[in-house]
Amino acid sequence: MKNKLFLILLITSSCSKLFAQPIDTLSVINNILAKSCQKEKMTCDEMSIFVCSYSDFLTNNIELCEFRNEALFAIMNSDNLALFLSTLKNQKSYIPRILYDLAHPLHDIINVDSCIHRLKNLNNIENLEKQILDILETIK
């Protein structure tokens with residue numbers, strides 16, 4: 001994991017025009033993953049930056065996509081799930097790409113049952129939550 005982050009930071013710092021993505025955003029994504037894994041609370045700004053990392057501009061950066069996919073499932077299995085869903089509902093243009101990432105996990109260490117349990121225990125289950133539940137039930 002540390003090697004993957006180092007590689008991403010090295011590539012983006014040496015080829016910043018190629019990716020045109022500030023290192024700060026990658027640092028925030030790394031912070032989000034770390035906070036999710038440690039069950040720490042995230043800020044609205046951090047979550048917004050994470051959701052915005054699903055922009056069209058970053059789809060060709062394979063290392064970032066893998067890292068982002070891992071962070072996505074960590075968020076789904078954390079106390080930050082409600083913040084993530086509310087942020088996503090406010091930034092609807094990213095929903096299709098995030099749903100695609102959920103349907104196509106890039107690693108095997110996902111606790112899908114825990115993600116499903118967390119979603120089902122939310123107070124207000126709307127259309128987006130139902131879509132995500134359907135996807136998670138499918139990949140289970």
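For clarity, every value in this text was computed on a predicted model and none was experimentally measured.
Under the 3.5 Å distance criterion, the side-chain polar atoms of Ser48 are left unmatched by any main-chain donor or acceptor of Asp45. Side-chain N or O atoms of Glu129 include one that pairs as donor or acceptor with a backbone N or O of Glu126 at under 3.5 Å. Formation of a donor-acceptor pair under 3.5 Å by the Arg68 side chain with backbone atoms of Ser53 is found in this model.
Counting only heavy atoms from C-beta outward, the side chains of Leu72 and Tyr54 approach each other to under 4.5 Å. Residues Cys44 and Leu83 meet the side-chain proximity criterion, which asks for heavy atoms closer than 4.5 Å. Contact of the Lys89 side chain with the Ile95 side chain is not registered, since no non-hydrogen atoms from C-beta on lie closer than 4.5 Å. Asp113 places a side-chain heavy atom less than 4.5 Å from the side chain of Asn111. Put simply, the side chain of Phe84 does not reach to within 4.5 Å of the side chain of Asn80, judged on heavy atoms. Using a 4.5 Å heavy-atom threshold, the side chains of Ile132 and Leu85 count as touching. In this structure, the side chains of Asp134 and Glu137 stay at 4.5 Å or more apart for every pair of heavy atoms.
Atoms NZ and CD1, from Lys140 and Ile116 in turn, are 5.0 Å apart once rounded to the nearest 0.5 Å. A distance of 11.0 Å separates CD in Glu46 from OG1 in Thr87, rounded to the nearest 0.5 Å. One distance of note links SG of Cys65 with CD of Glu70; it measures 13.5 Å at 0.5 Å rounding. Expressed to the nearest 0.5 Å, how far CE of Met42 lies from CD1 of Ile49 amounts to 12.0 Å. Rounded to the nearest 0.5 Å, atoms CD (Gln38) and OG (Ser78) are 11.5 Å apart.
Criterion: ILVMFWY side-chain heavy atoms under 4.5 Å apart, direct or through other members. Under it, Leu136 and Leu122 are part of a common hydrophobic cluster. Both Met47 and Leu119 are members of a single hydrophobic cluster when ILVMFWY side chains are connected at heavy-atom separations under 4.5 Å. Leu106 and Phe73 are assigned to two separate hydrophobic clusters, defined by single-linkage of ILVMFWY side chains at heavy-atom distances under 4.5 Å.
Taking each heavy atom of Ile139 and Ala103 in turn, the nearest pair found is CG2-O, 3.6 Å. When all heavy atoms are compared, the tightest approach of Asn77 to Cys115 is CB-SG, 3.8 Å. Across all their heavy atoms, Ser55 and Arg97 have their closest contact at C-NH1, 3.7 Å. The two atoms that bring Pro96 and Ser93 nearest to each other are CD-O, 3.6 Å, heavy atoms only. Closest heavy-atom contact between Asn69 and His104: ND2-O, 3.6 Å. Contact between Ala71 and Phe50 at its shortest, heavy atoms only, is CB-CE1, 3.6 Å.
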